[in-house]
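A quick write-up on the structure given underneath.
Chain letters run A, B, ... following the sequence lines, proteins first, then strands; residues in each count from 1.
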Number of protein chains: 2
Amino acid sequence: MTSSTPRQGARKPVRSAKQKRAKATVEVIIEAATRILSDQGWDALNTNTIARRAGVSVGSLYEYFPNKQAILDVILDRHLSKGDALIAQGAKDVQAGATTAQDVVDLLVSGFVRLHSDDPKLHRALSADVPLSKAQHRRVEAVRERIIDLTAAALADKVSAPAMKATLLVDTADALTHKWLIDDVGTPVSAETLAQELKTMLGLYALA
Amino acid sequence: MTSSTPRQGARKPVRSAKQKRAKATVEVIIEAATRILSDQGWDALNTNTIARRAGVSVGSLYEYFPNKQAILDVILDRHLSKGDALIAQGAKDVQAGATTAQDVVDLLVSGFVRLHSDDPKLHRALSADVPLSKAQHRRVEAVRERIIDLTAAALADKVSAPAMKATLLVDTADALTHKWLIDDVGTPVSAETLAQELKTMLGLYALA
DNA sequence: AAGTATATTGAATAATTACTCGGATTTTCT
DNA sequence: AGAAAATCCGAGTAATTATTCAATATACTT
């Protein structure tokens, strides 16, 4: 399992799907690629397979995407957008009903559980299989920082050293829920129990 | 960026390096592959490049390795062995001088910091770039479980629910030190400060 | 030194796969 | 309907790269 062949040449003037038929084609391509990625993983993802599974020809694929990477960009973009929506919702929840630091922690952990419960197979492929570009890493990193900042703000009037605490809280909540829900490490106890325990641990720390 | 081509055919009776000249060849191949991996990443790693960098021919490479994957297996194996050694040392340290749960936590975090400080570029390539096989994942998972068990044992007479606590402690210590030392997420504070904070957080939890 | 086992070589092979292009088909417009 | 624009097709091209093999060279043994 390894690397392929990005043949970057003189760009073809990629069409931009004006008719609805074309929009449907674009959509079906993205869906096929997403399905392949989550069902069979990165190694099984190639342009010919995507086209076949989408029921279109490779030619059509290259009519709307300059290269294979561009398809992946869209998939990642949509995935991260879903994450963004969850974050926005979380921020709202915090503002609405988080009176204590423990409340903030609980919402944070619950948020990450939700984030990692949605389409876990795709999530897994995206985070473990697919080699992300520098720009894509930056995008992911930006999301992380946004969550940290929001958390720090929520904690600002409740605890000491909110910025540092927010970093640990977010990184821990993310890493552990990811590990338990996405990677299948064999945990002897359920994910719910672990999430509860995680809230306890982080709550203790937040209040310290 | 992607996947290559594992051409698995009828095994050739891979030679097993009887003369010292041959042993040196095997060694130089492994070293070249390791260097390429940590300097240029998984995408740059191919058998022709490995051979050139090692100063031998591809033919020689295939004399001692049935396929490309086998080279990677050796690299991962050696890397994990170093980890095993660190764990053994850590277990000894705990037995020698850990009287409180906080002592155990401190040693655990310090151990992970050490683990992730050694050859971080290789570590990074191995954990982020290289697609591991099922068997390799199992091997990594086994190391994790061993650390958890050792930690649980060390905590057994010191805290309540040592098994569950050990899981959280180990997964957290691993994930966060990895994130800070291996991935280069832009942290505003130093890795040492973060490690200290991590010890605080985990100590609070262990004692709870 | 001759003979045999072990090592090394690298050009050639073959499989994979990103991407192109000339032409066919369908939709839109007048 | 007829023309033009948009879309679609898929066999073919080219680049990459894992792997083989027949020939050559070096090291051991007697």
Side-chain angles (χ1 to χ4, degrees), chain A residues 1-29 32-33 36-37 40-73 130-131 133, chain B residues 1-29 32-33 36-37 40-73 130-131 133:
Chain A
M1 299 61 226
T2 310
S3 263
S4 283
T5 313
R7 265 171 282 292
Q8 302 283 47
R11 279 287 75 79
K12 230 262 252 348
V14 181
R15 216 172 281 255
S16 58
K18 298 178 153 36
Q19 304 182 355
K20 62 186 163 229
R21 174 171 56 139
K23 291 202 170 105
T25 298
V26 169
E27 215 43 47
V28 89
I29 289 168
I36 290 170
L37 200 52
Q40 293 155 258
W42 172 245
D43 286 347
L45 194 75
N46 65 66
T47 53
N48 298 294
T49 305
I50 294 172
R52 197 172 327 125
R53 178 121 174 205
V56 303
S57 77
V58 248
S60 289
L61 190 157
Y62 279 94
E63 208 65 60
Y64 303 107
F65 298 93
N67 51 50
K68 179 182 166 182
Q69 181 61 40
I71 303 175
L72 202 71
D73 284 344
V130 178
S133 69
Chain B
M1 307 81 204
T2 309
S3 262
S4 280
T5 314
R7 264 170 285 291
Q8 300 284 45
R11 281 287 74 80
K12 230 264 256 344
V14 181
R15 215 171 281 252
S16 58
K18 297 180 150 42
Q19 303 181 357
K20 62 188 164 224
R21 174 170 59 139
K23 291 201 170 106
T25 298
V26 169
E27 215 44 47
V28 88
I29 288 168
I36 291 170
L37 201 52
Q40 293 154 257
W42 172 245
D43 286 347
L45 194 74
N46 65 65
T47 52
N48 298 291
T49 306
I50 295 172
R52 197 171 327 122
R53 179 121 175 203
V56 303
S57 76
V58 249
S60 289
L61 190 157
Y62 278 94
E63 209 65 56
Y64 303 107
F65 298 93
N67 50 51
K68 180 183 166 181
Q69 181 62 38
I71 302 175
L72 202 71
D73 285 344
V130 178
S133 70

Value in whole Å for how far the C1' atom of D/dC8 lies from CD1 of A/Ile29: 10 Å
Of the non-hydrogen atoms in B/Ile36 and B/Ala44, which two are nearest, and what is the gap between them? CG2-O, 3.8 Å
Taking only the side-chain nitrogens and oxygens of A/Tyr62, find out if one of them lies under 4.0 Å from OP1 or OP2 of C/dC19. yes
Are any non-hydrogen side-chain atoms of B/Val130 and B/Leu45 less than 4.5 angstrom apart? no
Going by the side-chain hydrogen bond (donor to acceptor under 3.5 Å, both in side chains) test, which pairs reach into residues 44-61 of chain A, not counting sequence neighbours? A/Asp39-A/Arg53, A/Gln40-A/Arg53, A/Asn46-A/Thr49
Rounded off to whole Å, could you give me the CZ-to-C1' distance for the B/Arg52 and D/dT17 pair? 11 Å
Can you check whether B/Thr47 has a side-chain N or O nearer than 4.0 Å to OP1 or OP2 of D/dT17? no
CG on A/Leu37 to CD1 on A/Ile71, rounded to 0.5 Å: 11.0 Å
Output the distance between atom CD1 (B/Ile29) and atom OH (B/Tyr64), rounded to the nearest 0.5 Å. 8.0 Å
Would you mind reading off the distance between A/Ile36 atom CD1 and C/dT17 atom C1', rounded to a whole angstrom? 14 Å
Roughly how many Å is it from NZ in A/Lys68 to C1' in D/dA15, rounded to a whole number? 14 Å
Calculate the interatomic distance between A/Glu27 atom CD and D/dT7 atom C1'; express it in whole Å. 17 Å
Report which part of the nucleic acid B/Asn46 touches: base, sugar-phosphate, or nothing (heavy-atom distance under 4.0 Å, all strands). sugar-phosphate
From CG of A/Asn48 over to C1' of C/dA15, roughly how many Å is that when rounded to an integer? 13 Å
Its contact letters, B for base, S for sugar-phosphate only and - for none at protein heavy atoms under 4.0 Å, make nucleotides 2-9 of chain C read ----BBBB
How many angstroms lie between CG in A/Asp73 and CG in A/Asn67, if you round to the nearest 0.5 Å? 8.0 Å
Would you mind reading off the distance between B/Gln69 atom CD and D/dT17 atom P, rounded to a whole angstrom? 17 Å
